[in-house]
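Atoms within each ligand, like the ligands themselves, are counted from 1 in listed order.
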Amino acid sequence: MKSSPGQQPAHIAIIMDGNGRWARQQGLARIEGHRRGIEAVREVVRAAGETDLRYLTLFAFSVENWQRPEEEVNALMDLLYHFLREERTYLLEQRIRLQCIGRVDDLPKRVTDEVREIIEATSSFTDRTLVIALNYGARTEVVDAVRSYCRAAAEGTENPESCTWERFSRHLYTGDIPDPDLIIRTSGESRLSNFLLLQSAYSEIYFSPVLWPEFNRREFFTAIECYKARERRFGKTSDQLQEPIPATAHHL
Ligand code: FPP
C-alpha cells in the first residue's frame with residue numbers, strides 16, 4: 001500500500017454536483033445546467049488523459065435520481081445517450097476502456113444498448129478506464145453483491161465460512177476496479193450521497209466549492225495537487241510509514 005505524499009492518484013472518482021444551481025444562477029432551465037455539465041465532463045476526461053491516472057469514475061445518475069421530475073430524467077437520459085454516441089470515437093482513438101457500475105439494465109434500452117456496445121468495443125484496452133456510475137447507489141450495490149455472493153455460495157464457488165473482504169468485494173460492481181484514491185465532490189456540499197461507500201474506506205476526499213458546469217482542467221489539477229500533499233496512513237502511524245520496506249517485500 002503506497003501512502004507517501006507526492007504520490008499520483010491512480011483512481012479519481014467524481015460526484016459532479018451543482019448543475020441545477022448553476023442553471024438557476026444563469027436564469028436557465030435545469031437541463032441547461034446538465035448540458036453544460038457534459039462539457040465539463042469532456043474537459044475533465046481529456047485532462048485525465050494528461051496524467052498517469054488509470055481510472056476515472058463519474059457519478060452520472062443515481063438510483064435516487066429517478067425521483068426527479070420526469071422531464072428532467074428524460075432529458076438526462078437523452079444527454080447521456082448523445083454523450084456516449086459522441087465519445088465513442090474518442091474512447092476508441094485514445095484506447096480508453098469504458099466500464100459502468102450500477103443497475104445499467106434498468107435504463108432506457110437505447111442507453112443500455114449504447115453502453116453495452118462501447119464496453120464491448122473497448123474491452124481490450126488496459127491502460128486507462130472511464131467508469132460511469134449509472135443508476136448507481138452504494139446500498140443497492142451491497143444488496144446486489146450479497147445476492148451474487150449467495151448465488152455463488154449455492155453453486156459451491158464461494159464458501160461463507162471462509163468469506164473475506166477480498167472474496168466478497170469481487171461481487172461488488174467494482175469487483176475488478178481498484179478503490180478510488182481520491183473522491184472529488186463539487187458545489188460545496190460535504191457528503192458522499194450513497195456513492196462508493198465501501199470503496200471509499202481509505203479514499204481522500206476533496207470538496208470543491210465550484211459548481212460542476214464550471215469545474216475545469218485547472219480545478220481538476222488543483223484537486224490532484226491537494227491529494228499529493230496528503231499523507232495516507234491506512235491505519236498505521238506516521239513513523240511506520242517512514243520505515244524502510246523490508247527486502248523480502250520487494251518480491252511481493
Ligand atoms: C448533479 O447536479 C448532477 C447530476 C444529478 C447529473 C450529473 C450528470 C451530468 C454532469 C451529465 C451526464 C454525465 C455524464 C458522465 C455523461 P444537480 O442537478 O443535483 O445540481 P443541484 O444540486 O445544483 O440541483
Side-chain angles (χ1 to χ4, degrees), residues 11-49 53 55-91 94 96-104 107-108 110-115 117-119 122 128-138 173 177 180 183-196 207-217 219-220:
H11 181 179
I12 296 180
I14 310 182
I15 303 172
M16 308 178 289
D17 194 15
N19 294 349
R21 274 162 286 165
W22 180 85
R24 196 170 58 232
Q25 281 178 8
Q26 311 294 316
L28 299 169
R30 289 180 58 82
I31 186 61
E32 289 307 319
H34 297 314
R35 216 185 296 281
R36 269 294 296 265
I38 296 266
E39 295 312 313
V41 168
R42 285 209 174 86
E43 184 163 338
V44 167
V45 168
R46 279 146 188 77
L53 203 65
Y55 290 85
L56 175 67
T57 297
L58 302 174
F59 199 3
F61 194 83
S62 74
V63 289
E64 290 83 12
N65 285 155
W66 294 109
Q67 299 169 66
R68 293 188 175 206
E70 194 181 341
E71 194 189 352
E72 183 172 341
V73 171
N74 291 341
L76 269 169
M77 291 301 146
D78 219 45
L79 282 174
L80 260 165
Y81 174 71
H82 286 104
F83 168 82
L84 290 164
R85 281 189 71 101
E86 286 158 17
E87 284 301 278
R88 184 190 188 124
T89 311
Y90 177 80
L91 297 177
Q94 298 295 314
I96 299 171
R97 175 172 58 160
L98 179 73
Q99 291 200 309
C100 283
I101 54 173
R103 290 187 174 170
V104 178
L107 294 165
R110 63 185 181 135
V111 177
T112 309
D113 287 350
E114 194 63 31
V115 162
E117 274 180 36
I118 304 180
I119 289 176
T122 61
R128 292 181 187 279
T129 304
L130 173 65
V131 184
I132 305 186
L134 274 176
N135 196 16
Y136 174 87
Y173 303 143
I177 299 171
I183 295 183
I184 299 172
R185 182 176 186 141
T186 60
S187 90
E189 307 287 358
S190 311
R191 55 178 174 267
L192 287 178
S193 300
N194 203 15
F195 184 53
L196 299 178
F207 295 110
S208 163
V210 176
L211 301 175
W212 177 253
E214 288 180 349
F215 196 83
N216 55 22
R217 194 178 170 281
E219 304 291 341
F220 182 68

Quick check for you: to the nearest 0.5 Å, what is the distance between Ile183 atom CD1 and His11 atom NE2? 8.0 Å
Got a sec: does the CD of Glu189 have more than 12 other heavy atoms crowding it under 6.0 Å? yes
Is the shortest distance from a Lys or Arg side-chain nitrogen in Arg35 or Asp78 to a carboxylate oxygen in the other one below 4.0 Å? no
Name all residues meeting the ring-ring contact (aromatic ring centres under 6.0 Å, His included) criterion together with Phe59; count only those two or more places apart in sequence or in a different chain, and write none if there are none. Tyr136, Phe195
Could you give the distance from NE2 (His82) to CZ (Arg85), rounded to the nearest 0.5 Å? 7.0 Å
Would you call Arg42 and Glu87 a salt bridge, taking side-chain N to carboxylate O under 4.0 Å as the test? yes
Ligand 1 polar-atom proximity to protein (N/O, under 3.5 Å):
unit_1	atom_1	unit_2	atom_2	d
ligand 1	2 (O)	Gly18	N	3.4
ligand 1	2 (O)	Asn19	N	3.3
ligand 1	18 (O)	Arg30	NH2	2.8
ligand 1	18 (O)	Arg68	NH1	2.8
ligand 1	19 (O)	Asp17	OD1	3.4
ligand 1	19 (O)	Arg68	NH2	2.8
ligand 1	20 (O)	Gly18	N	3.4
ligand 1	20 (O)	Asn19	N	3.2
ligand 1	20 (O)	Gly20	N	3.0
ligand 1	22 (O)	Asp17	OD1	3.1
ligand 1	22 (O)	Arg21	NH2	3.0
ligand 1	23 (O)	Gly20	N	3.4
ligand 1	23 (O)	Arg21	N	2.7
ligand 1	23 (O)	Arg21	NE	2.7
ligand 1	24 (O)	Arg30	NH1	3.1
ligand 1	24 (O)	Arg30	NH2	3.2

